[in-house]
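Reminder, nothing fancy here: chain letters follow the sequence lines and each chain counts from 1.
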Amino acid sequence: MAAAAATKVTAAAAASAVFRSNKELTRLARSGQLAAARRLFDAMPLRNTVTYNAMLSALARHGRIDEARALFDGMPGRNTVSWNAMIAALSDHGRVADARSLFDRMPVRDEFSWTVMVSCYARGGDLELARDVLDRMPGDKCTACYNAMISGYAKNGRFDDAMKLLREMPAPDLVSWNSALAGLTQSGEMVRAVQFFDEMVKDMTSWNLMLAGFVRTGDLNAASSFFAKIESPNVISWVTLLNGYCRAGRIADARDLFDRMPERNVVAWNVMLDGYVHLSPIEEACKLFDEMPIKNSISWTTIISGLARAGKLQEAKDLLDKMSFNCVAAKTALMHGYLQRNMADDARRIFDGMEVHDTVCWNTMISGYVQCGILEEAMLLFQRMPNKDMVSWNTMIAGYAQDGQMHKAIGIFRRMNRRNTVSWNSVISGFVQNDRFVDALHHFMLMRRGTNRADWSTYASCLRACANLAVLHVGRQLHNLLVRSGHINDSFAGNALISTYAKCGRILEAKQIFDEMVYKDIVSWNALIDGYASNGQGTEAIAVFREMEANGVRPDEVTFVGILSACSHAGLIDEGLFFFYSMTKEYLLKPVAEHYACMVDLLGRAGKLNEAFELVQGMQIQPNAGVWGALLGACHMHKNHELAQLAAERLSELEPRKASNYVLLSNISAEAGKWDESEKARASIKEKGVNKPPGLAGST
DNA sequence: TATGCGTAGT
């Protein structure tokens, strides 16, 4: 009897111990302390299903999706919550097919399961499949499930479907109304939002959604007058407007609002701090940081990254050393600062000194090595990285592609189990950057056979390939696809289309695209000017330039490259000299090598070789291959062997691996009767293992 | 004590 009672007591004590540990485990997981959660989990002598479920969602929250899956597969007793949590985790990371496979295999489905699956498809943009799941849900469908579907419709721009379902569902709640509203406000559809807001059942979230909508569209006047109408704004309302002022660069208004806030939580302080970091001298931000009564890891990360961006790396490091708790994000911010300034070794010391690294930290170090051109180290880290995400893979692909090592880029791309749009874009733009235009278009074709959808970046790269190949019919097909995919109003895509039509000699169509564009930016104007320039229509290019000025768009360095090359192509020497003068004196732009190359070309074509050479000698920056190339071309044209030889020598110093430079030098020497030097130039092609020009490297 | 649908900050 006594023994049985004792066992009962021990069992009850054990159960309550598990209960307490589970609670602590959940708390740790929710406050982002994954390492501590894992230590507790490992140390627990007894675990129940709740323990496993808590650990599973902790892993999922930190993106450790594969570890979560391993835990799920190995756990002793799975209940419906375990299945739901695992499906939600897969859904959060875009692994729609895996989520569906589990959903189909799970023994018992509750309303959570159906909601997760609807939300999974809806967030991935697959609204028909989401609706199919909702329709197949047996019995009375829960409100959350309807809400997930409404949110999906609304966020994907299908407002009419969202409204229809909202009217049809039996018991809409505040979340239903707000889901529909959120779709409108987050798409910038503020006219419809205002109308809908008038009619709907509202709570504070609805008011805040509207406020955020005005802020997002940049209409700060509407936002502040709307804010004035909120009866008792909560902290979120205040912070939303505060953030709006900061985003609009209105730091004084932001500070004024901040000072009027009845209560300031840590988010409010962080928004204000971030405003100072981006809009004021860093000392202002530091002052506010010292005043902050409450700080969290985001505050520390914000100030440290601000200091790092301002180049105050020592101050950032000192501050980091003062931190009493471990913050991976703050350390990553400092690492990033070092890497931006090519101080890879300092960054690496921080990295090596950290006991835990999250995915962002690994990716920062890897992409930093890539940016510093240290690809071997990037690759070593990539190989050591335990939980590579899409960013890690894509960084390595883009890194090798930019370095001209397309075979390695493609090798990594082929090893990926799953790819996203960025993976394809990295490969396609890599081919374009390496002048392998046919390969770029071929991969676009392969991409279209799969499930990843092309975005503006894909189209921009492919259009550049078309422009370079001057394949007008492919350009037109891409134009059609752009219209059908809804990306046609992206200024990026429009700009690429202008260049493509212009490079294919269809300047009228380029002009038409330009005229139809809803959002013209500086790049659009530059593309059109450049288009006229490359078609030899200098006068038209100048006319566009004047129109641009009249529209209050301030020309930039790229504009002047276009306008100067227009002048040089059209032989407009006086105009070219005038624009070069205007650029430096009126617009106070510093000429870069490309501008000098245009000017050398301009003067050179007109036979003013000495003036061109004087310009080169007077350059504030090192002349690059383009400048010497332009001079060489002009010398060749006007048969100035001496100057040609000088230019060719400089050129071969700058581009020692480009065969055409040696061929030119050899020919020039031969023409001048200097046979020895001609022979020497030819010999160096073999000696230096000179590559074929990249244009010939790809497919034929 | 673990899982789903709507609002603020890196």
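- In this structure, the salt bridge (charged side-chain N to carboxylate O under 4.0 Å, His left out) partners of A/Arg260, at least two apart in sequence or on a different chain, are A/Asp256.
- For A/Ala148, the listed nucleotide lying nearest its side chain is B/dC5; candidates were B/dC5, B/dA2, B/dG6.
- Nucleotide B/dT3 holds its P atom 14 Å from the CG atom of A/Asn48, rounded to whole Å.
- Rounded to an integer number of Å, the gap from A/Leu209 CG to B/dA8 P is 7 Å.
- At a non-hydrogen distance threshold of 4.0 Å, A/Glu111, A/Phe112, A/Thr115, A/Val116 from residues 96-120 of chain A come into contact with DNA chain B.
- Contact annotation for A/Val271: backbone-only contact, meaning every heavy-atom pair under 4.0 Å involves sugar-phosphate atoms and none involves a base.
- With B/dT1, B/dT3, B/dG6 as the choices, the nucleotide that has an atom nearest any side-chain atom of A/Asn22 turns out to be B/dT1.
- Look at A/Gln186 and you won't find any side-chain N or O under 4.0 angstrom from OP1 or OP2 of B/dG6.
- The residue A/Asn296 sits close to a base: some heavy atom pair falls under 4.0 Å.
- Under the side-chain contact (heavy atoms from CB on, under 4.5 Å) rule, A/Arg136 has a single partner from A/Leu134, A/Val133, A/Asp132, which is A/Asp132.
- We find that CZ of A/Phe289 is positioned 16 Å from P of B/dT10, with the value rounded to whole Å.
- For A/Ile298, the listed nucleotide lying nearest its side chain is B/dT10; candidates were B/dA2, B/dT10, B/dG6.
- Ranking B/dT7, B/dT3, B/dC5 by closeness to the A/Arg123 side chain, first place goes to B/dC5.
- When ring centroids are compared, A/Tyr52 and A/Phe72 stay outside the 6.0 Å threshold.
- Distances were taken from every side-chain heavy atom of A/Val175 (C-beta onward) to each of B/dT3, B/dC5, B/dT10; the shortest belongs to B/dC5.
- DNA chain B lies under 4.0 Å from at least one heavy atom of each of the following residues of residues 240-256 of chain A: A/Thr240, A/Asn243.
- As judged by a 4.0 angstrom heavy-atom cut-off over every strand, A/Cys142 is placed among the base-contacting residues.
- One donor-acceptor pair, N or O on each side, does fall under 3.5 Å between the base of B/dG6 and the side chain of A/Asp203.
- Between A/Phe258 and A/Trp238, the gap from one ring centroid to the other reaches at least 6.0 Å.
- Here the two rings, on A/Phe289 and A/Trp269, have centers that are 6.0 Å apart or farther.
- For A/Arg30, taking side-chain heavy atoms from C-beta onward, the closest of the listed nucleotides B/dG6, B/dG4, B/dA2 is B/dA2.
- Nucleotide B/dT7 holds its P atom 12 Å from the CE atom of A/Met200, rounded to whole Å.
- Aromatic ring centroids of A/Phe103 and A/Trp114 lie under 6.0 Å apart.
- Listed nucleotides: B/dA8, B/dT7, B/dG6. Nearest to the side chain of A/Ser179: B/dG6.
- With rounding to whole Å, A/Trp238 atom CH2 is found 17 Å from B/dG9 atom P.
- Aromatic ring orientation, A/Phe226 versus A/Trp207: tilted (interplanar angle from 30° to 60°).
- Atom pair A/Phe19:CZ and B/dA2:C1' shows a separation of 11 Å (rounding to whole Å applied).
- A salt bridge links A/Arg255 and A/Asp259; the closest N-O separation between the charged side-chain nitrogens and carboxylate oxygens is under 4.0 Å.
- With hydrogens and angles ignored, the 3.5 Å screen pairs a side-chain donor or acceptor of A/Thr421 with a backbone N or O of A/Arg453.
- Atom pair A/Leu257:CG and B/dA8:P shows a separation of 17 Å (rounding to whole Å applied).
- Looking at the side chain of A/Ala144, the nearest of the listed nucleotides B/dA8, B/dC5, B/dG6 is B/dC5.
- Ring pair A/Phe492/A/Trp456 is parallel by interplanar angle, where below 30° counts as parallel and above 60° as perpendicular.
- No N or O donor and acceptor, one from the side chain of A/Asn84 and one from the base of B/dA2, sit under 3.5 Å apart.
- Between the CG atom of A/Leu288 and the P atom of B/dG9 there is a distance of 17 Å, given to the nearest Å.
- Under the 4.0 Å criterion applied to side-chain N and carboxylate O atoms, A/Glu67 and A/Arg38 are assigned as salt-bridge partners.
- Of the candidates B/dT3, B/dA8, B/dC5, the closest approach to any side-chain atom of A/Ala85 belongs to B/dT3.
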